[in-house]
Structures are given as C-alpha cells and as structure tokens.
Amino acid sequence: MSLVHFKQLWANYVAQEDLPKILSLYDKNFIFRGTFAKNTTSNRTQLEKYFKGFSKDVSKVVFLKNSSLIKNKDTYIDNGK
C-alpha cells in the first residue's frame, strides 16, 4: 500500500469516526504523539481515547507537509503536519 493510499484511508476513517478502523492502522508496537496530544504514548487505551475525542472534533483532514518519512517494508513512520 502506498503512503498516499494509507493516508487517504486514515483521513476517511477519521471523517467516518470509525475508531476500530483508525486503530487498525497502528502497529502493536507504535509510538504516537497526535497533533493535539500533550504527550507521546505507546499505550493502546490512550491511543483509543485520543481518537475518540479527535474524531468528534475534526471533520476534515488536510496533510500540509511531511517533515520526515521512513518506510520499512509495510511500516511507515511519518512526522509531519
């Protein structure tokens, strides 16, 4: 799956408020710091809590810029805006 396709899936799932599908895009060994998060987490419950609030507050996703992108097989690490 290309990064563009992956990001479009993510944006669609956020717009649909489909929490299970959003969470399915994150590896079991993730490290996450969301746009509106104060802290970094690798806790699945905290990730779920973040996206419950995020999906309610965000109606549209726009990707502005990628600061850093790493692709390793089927894993993407994306630090951007």
Side-chain angles (χ1 to χ4, degrees):
M1 176 184 322
S2 73
L3 179 61
V4 171
H5 181 76
F6 179 86
K7 284 183 154 186
Q8 190 59 52
L9 273 178
W10 185 88
N12 290 342
Y13 295 161
V14 168
Q16 297 165 7
E17 298 181 32
D18 194 330
L19 187 57
K21 286 185 179 178
I22 295 168
L23 297 176
S24 76
L25 297 174
Y26 290 85
D27 188 74
K28 65 179 182 177
N29 297 315
F30 70 91
I31 299 172
F32 177 80
R33 179 157 186 208
T35 303
F36 305 111
K38 293 180 182 177
N39 299 309
T40 301
T41 187
S42 58
N43 179 286
R44 198 81 170 166
T45 302
Q46 289 177 348
L47 181 67
E48 184 175 338
K49 182 178 177 183
Y50 175 84
F51 279 111
K52 280 182 182 177
F54 184 85
S55 293
K56 291 178 183 175
D57 293 338
V58 174
S59 60
K60 183 177 179 183
V61 174
V62 176
F63 298 103
L64 301 176
K65 178 182 175 185
N66 284 328
S67 309
S68 172
L69 174 66
I70 301 167
K71 182 179 185 232
N72 183 5
K73 294 186 182 180
D74 293 331
T75 302
Y76 292 102
I77 300 171
D78 186 8
N79 296 320
K81 298 177 182 179

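Note that the structure is a prediction, hence the values are computed from the model and not measured. Along the sequence shown, residues are numbered consecutively beginning with 1.
With sequence neighbours excluded, the residues that form a side chain to side chain donor-acceptor pair (under 3.5 Å) with Thr41 are Gln46. Residues that satisfy the side chain to side chain donor-acceptor pair (under 3.5 Å) test with Gln16, not counting sequence neighbours, are absent from this structure. Applying the side chain to side chain donor-acceptor pair (under 3.5 Å) test to Asn12 and every residue at least two apart in sequence or in another chain returns Gln8. Remark: Phe32 pairs with Tyr26, Tyr50, Phe51 by the ring pair (Phe, Tyr, Trp, His ring centres under 6.0 Å) rule, at least two apart or across chains.
Separating the CG atom in Leu47 from the CD1 atom in Ile31 is a distance of 12.5 Å, to the nearest 0.5 Å. Summarising the geometry, atom CG belonging to Asp18 is positioned 7.5 Å from atom OH belonging to Tyr13; distances are rounded to the nearest 0.5 Å. A distance of 12.5 Å separates NZ in Lys21 from CG in Leu23, rounded to the nearest 0.5 Å.
Among all heavy-atom pairs drawn from Asp27 and Asn29, the shortest one is OD2-N, 2.9 Å.
For residues 31-48, the pairs satisfying salt bridge (charged side-chain N to carboxylate O under 4.0 Å, His left out) are Glu48-Lys52, with sequence neighbours left out.
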